[in-house]
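Since the model is a prediction, treat every value here as computed from it, not as a measurement. Side chains included, hydrogens not; waters and symmetry mates left out as well; all remaining heavy atoms used. Along the sequence shown, residues are numbered consecutively beginning with 1.
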Amino acid sequence: GIPTPPNPTAPLISSADVAIEDNDPITVVIETRNFATAGSVVSVRQSGKFGPSSVTNATFSSGDSTMALWEATVTLAPGFATMQARATAP
């Protein structure tokens, strides 16, 4: 996998926080800490620089409320795109 920088800025210009040059679907792994796994919804929102956004729900992969991993399969928009993870508890 490709780790993200500690403080991503999503510049959407000639440099990127993470360069992914692939038009195929990719798996995004999200880590939660001190967060309930039962009944929670974790999602990834992705949007191209010019175009609509989409939201994909992640599925629980492993762990517990102390630390858990979730996975979402997304297809990024061509060119520069941003991703945001969101977690909501019941």
What pairs with [X] under side-chain contact (heavy atoms from CB on, under 4.5 Å), at least two apart in sequence or on another chain?
X     : answer
Ala72 : Val44, Thr56, Ala58
Ala36 : Ser40
Asp17 : Pro5, Pro8, Thr9, Ala10, Pro11

Q. Ile26, Val18: one ILVMFWY side-chain cluster at the under-4.5 Å cut-off?
A. yes
Find the distance between [atom1] ([X]) and [atom2] ([Y]) and round it off to the nearest 0.5 Å.
X     : Y     : atom1 : atom2 : value
Ser47 : Phe80 : OG    : CZ    : 14.0 Å
Ile30 : Phe35 : CD1   : CZ    : 10.5 Å
Thr59 : Trp70 : OG1   : CH2   : 8.5 Å
Asn57 : Glu71 : CG    : CD    : 14.0 Å

Q.
Ignoring hydrogens, what is the shortest heavy-atom contact between Met83 and Val28? Give both atom names and the distance.
A. SD-CG2, 3.8 Å
**Q.** salt bridge (Lys or Arg N to Asp or Glu O under 4.0 Å) contacts touching residues 27-37 (sequence neighbours left out)
**A.** Glu31-Arg33
Q. Apart from Val29 itself, which Ile, Leu, Val, Met, Phe, Trp or Tyr residues share its cluster (side-chain heavy atoms under 4.5 Å, direct or through members)?
A. Met67, Leu69
**Q.** Asn23 CG: over 12 foreign heavy atoms closer than 6.0 Å
**A.** no
Q. After noting the C-alpha distance and the side-chain angles of Gln46 and Ser53, does the key distance pass the side chain to side chain contact (heavy atoms under 4.5 Å, CB included) rule?
A. CA-CA 6 Å; Gln46 75 94 13; Ser53 63; over 6 Å; no
Q: Sort and list the pairs that fulfil side-chain hydrogen bond (donor to acceptor under 3.5 Å, both in side chains) and have at least one residue in residues 73-90, not counting sequence neighbours.
A: Arg45-Gln84
